[in-house]
Each structure stands twice: as C-alpha cells, then as structure tokens.
Amino acid sequence: MTLPATPRAAAVRHLRRADARLARVIQQVGACRLEIRDGNVYRSLFRAVLYQQLAGNAAAAIERRVKALFDGRVPPPARFLTASDRSLRAAGLSRQKRSYLRDLAEHFASGKISARRLPHLSDDEVIEAVTAVKGIGEWTAHMLLLFGLGRPDVLPVGDYGVRKAAQLLFDLADLPNRDTLEELAQPWRPYRSVASWYLWRSLDTKVLE
C-alpha cells in the first residue's frame with residue numbers, strides 16, 4: 001500500500017520549499033508513490049535475509065520453495081525452528097542463510113524481539129534490536145523502517161542508489177560518505193524517507209543525467 005495522501009503531500013511541500021535541487025527532481029518524477037510493502041516485521045525481515053546477496057529471480061524461486069514447506073507462506077518463527085536442515089537445504093537455503101534465518105526466528109520466538117512492540121520503538125531502538133540478529137545490518141534495518149514500518153524520516157546512508165543520486169544531485173566528485181550525506185540531507189528533515197524515494201526514482205527516470 002502507499003503512504004497516506006496527506007503525509008505524502010506535506011512531505012512533498014516541505015521538500016520543495018527546503019531544497020531547490022530536489023524540487024526539480026520532484027517536478028520531473030511526479031507524485032510520490034512510496035509504498036509500505038509489508039507491515040509484518042518478522043515477514044519483512046525474513047524475506048530481507050532470504051534475498052540478501054541473491055539475484056531477484058533466484059531469490060524468488062528459493063522463497064517459493066521455502067514457502068511450499070510451510071503451506072505456501074512465510075513460516076511463523078516457532079515453526080521455522082522445527083524445520084530440518086535437509087528440507088531447508090533442498091529448498092535452496094545455504095548453511096549461512098539457514099543460520100541467519102534460524103537466529104531471526106529464535107529472536108522472535110523467544111521474545112528477544114517482540115513483533116507487537118517493535119513498531120512502537122524509536123527508529124534507533126528498532127535498528128539496535130534487529131541488528132542484533134545474525135546477518136542483519138544497518139541497511140536492512142533502514143529498509144524495514146522505510147518500507148515495513150513506514151517511518152517518515154529514514155535516510156539509508158549505506159544505500160548505493162541514494163548515495164549515487166545525491167552525488168549527481170549535488171554535483172559531487174565522489175559518492176558522499178555517511179557524514180556528508182547526513183549534512184546534505186538536513187534540510188529534508190523530517191521527511192528524509194520521501195526524499196530518499198525521490199532520489200531512487202531520479203536514477204530510474206534518468207532525470208539527473
């Protein structure tokens with residue numbers, strides 16, 4: 001689903017006023033259609049880990065085979081922990097990926113991460129909680145905040161697309177590092193999620209070339 005129209009409209013108005021360069025991108029890209037992909041934090045993280053370092057088609061095929069083991073859906077944490085290595089390996093999950101997904105399932109099954117409580121934590125608290133899981137880093141945490149929880153002020157400082165678009169937008173010689181990107185993005189607060197979405201779309205539509 002897309003973010004509600006009123007917050008999106010407020011974000012776009014703010015960004016247009018705050019940054020003339022970004023305003024030109026907004027004009028060329030058009031309406032913001034930032035989508036919340038899945039409000040279930042465990043499913044979002046399960047899929048994020050499964051898709052790591054895999055081509056999209058290969059990951060989708062593995063996802064289908066894994067789901068087939070569990071009635072066609074992402075398995076609940078406790079049920080995933082009962083799956084055998086043999087069946088998961090046959091579905092295409094590597095030893096490392098099985099380890100990561102089991103650690104994720106254990107965190108949720110044990111209550112170390114609460115699916116009910118997590119959406120009510122601050123952005124920093126969410127990042128701290130989910131990066132305690134093996135195989136989940138800051139980038140995955142940012143994607144959860146942005147696309148899973150719909151947080152409005154997320155700047156994925158480690159994302160190549162955001163960094164590349166910022167380099168082009170501000171005519172920088174090199175990709176901006178974390179500190180530079182955060183400084184450039186200060187005027188976009190408190191709507192850096194929408195700004196990031198426009199940066200991604202700017203590359204898709206080639207408006208910055």
Side-chain angles (χ1 to χ4, degrees), residues 3 11 15 18-19 21-22 25-26 29 32-56 58-60 63 94 96-97 99-101 103-104 107 113 118-119 121-209:
L3 293 179
L15 295 171
D19 190 325
R21 298 189 191 204
L22 192 59
V25 170
I26 292 171
V29 171
C32 176
R33 304 205 178 278
L34 175 59
E35 294 183 346
I36 301 173
R37 295 171 181 165
D38 189 345
N40 183 294
V41 293
Y42 171 72
R43 280 200 306 262
S44 294
L45 290 171
F46 188 97
R47 294 187 75 251
V49 172
L50 191 152
Y51 273 68
Q52 284 174 359
Q53 299 181 327
L54 291 173
E63 181 183 14
S94 67
Q96 184 180 62
K97 198 65 66 76
S99 171
Y100 290 169
L101 289 172
D103 194 53
L104 172 67
H107 272 76
I113 297 179
L118 194 70
L121 300 180
S122 70
D123 290 0
D124 287 342
E125 288 170 334
V126 169
I127 293 170
E128 181 180 2
V130 302
T131 56
V133 177
K134 293 178 184 176
I136 294 182
E138 185 184 55
W139 182 87
T140 300
H142 282 158
M143 295 304 105
L144 173 68
L145 287 167
L146 214 162
F147 296 111
L149 298 176
R151 297 295 174 87
D153 195 34
V154 181
L155 181 69
V157 291
D159 185 85
Y160 175 81
V162 168
R163 295 172 67 207
K164 183 62 178 178
Q167 179 188 6
L168 295 171
L169 182 66
F170 292 97
D171 196 25
L172 304 176
D174 301 302
L175 289 173
N177 61 24
R178 172 192 293 267
D179 291 342
T180 299
L181 186 57
E182 288 182 344
E183 182 179 352
L184 294 172
Q186 278 297 320
W188 305 341
R189 286 182 175 273
Y191 299 113
R192 292 180 299 173
S193 296
V194 172
S196 297
W197 183 87
Y198 274 107
L199 290 179
W200 280 315
R201 296 291 77 76
S202 72
L203 296 177
D204 293 343
T205 53
K206 303 184 186 301
V207 301
L208 293 177
E209 292 187 0

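Index from 1, following the sequence. What you are looking at is a predicted structure, and each value in this text was computed from that prediction instead of being measured. Quick note: numbers below take in every heavy atom, side chains included, and nothing from hydrogens, waters or symmetry partners.
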note = Scanning both residues in full, the closest heavy-atom pair of Leu121 with Arg151 reads O-NH2, 2.9 Å
task = Go through Thr140 and Val130 one step at a time and tell me if the side chain to side chain contact (heavy atoms under 4.5 Å, CB included) criterion holds.
result = CA-CA 9 Å; Thr140 300; Val130 302; over 6 Å; no
inquiry  = Run the side chain to side chain contact (heavy atoms under 4.5 Å, CB included) test on Asp159 and Leu199 for me, step by step, so that the C-alpha distance in whole Å, both residues' side-chain angles and the decisive distance to 0.1 Å come before the verdict.
reply    = CA-CA 11 Å; Asp159 185 85; Leu199 290 179; over 6 Å; no
request  = Over all heavy atoms of both residues, which pair between Asp153 and Ser193 is shortest? Give the atoms and the distance, please.
outcome  = N-OG, 3.3 Å
task = Going by the side-chain contact (heavy atoms from CB on, under 4.5 Å) test, name the single residue among Val154, Leu118, Ile113 that passes it with Val126.
result = Leu118
query = Are Ile127 and His142 side-chain neighbours, meaning at least one heavy-atom pair lies under 4.5 Å?
reply = yes
message = Would the distance check show the side chain of Lys134 and the main-chain N or O of Tyr100 forming a donor-acceptor pair, the cut-off being under 3.5 Å?
response = no
query = Do Leu168 and Leu203 pass the side chain to side chain contact (heavy atoms under 4.5 Å, CB included) test, and can you show the C-alpha distance, the side-chain angles, and the key distance before you say yes or no?
reply = CA-CA 9 Å; Leu168 295 171; Leu203 296 177; 3.8 Å; yes
inquiry  = Per the ring-ring contact (aromatic ring centres under 6.0 Å, His included) rule, what does the pair list look like for residues 154-205, sequence neighbours excluded?
reply    = His14-Tyr191, Phe147-Trp200
query = Which distance, rounded to the nearest 0.5 Å, do you find between the CG of Leu101 and the CZ of Phe46?
reply = 4.5 Å
key: Nearest heavy atoms of Ile136 and Leu104, plus distance in Å   = CD1-CD1, 4.2 Å
query = Roughly how far apart are Glu138 CD and Arg178 CZ, rounded to 0.5 Å?
reply = 4.0 Å
inquiry  = Quick check: closest heavy atoms across Leu181 and Pro176, and the distance to 0.1 Å?
reply    = N-CB, 4.1 Å
query = Which is it for Asp123 and Leu149 under the side chain to side chain contact (heavy atoms under 4.5 Å, CB included) test, yes or no, and what are the steps along the way?
reply = CA-CA 10 Å; Asp123 290 0; Leu149 298 176; over 6 Å; no
ask   = Minimum heavy-atom separation for Gly148 to Ser44, with atom names?
value = CA-OG, 4.3 Å
key: Exercise: identify the closest heavy-atom pair between Leu15 and Val194   = CD1-CG1, 3.7 Å
inquiry  = Quick check on Glu128: does its CD atom have over 12 non-hydrogen neighbours (other residues, nucleotides or ligands) under 6.0 Å away?
reply    = no
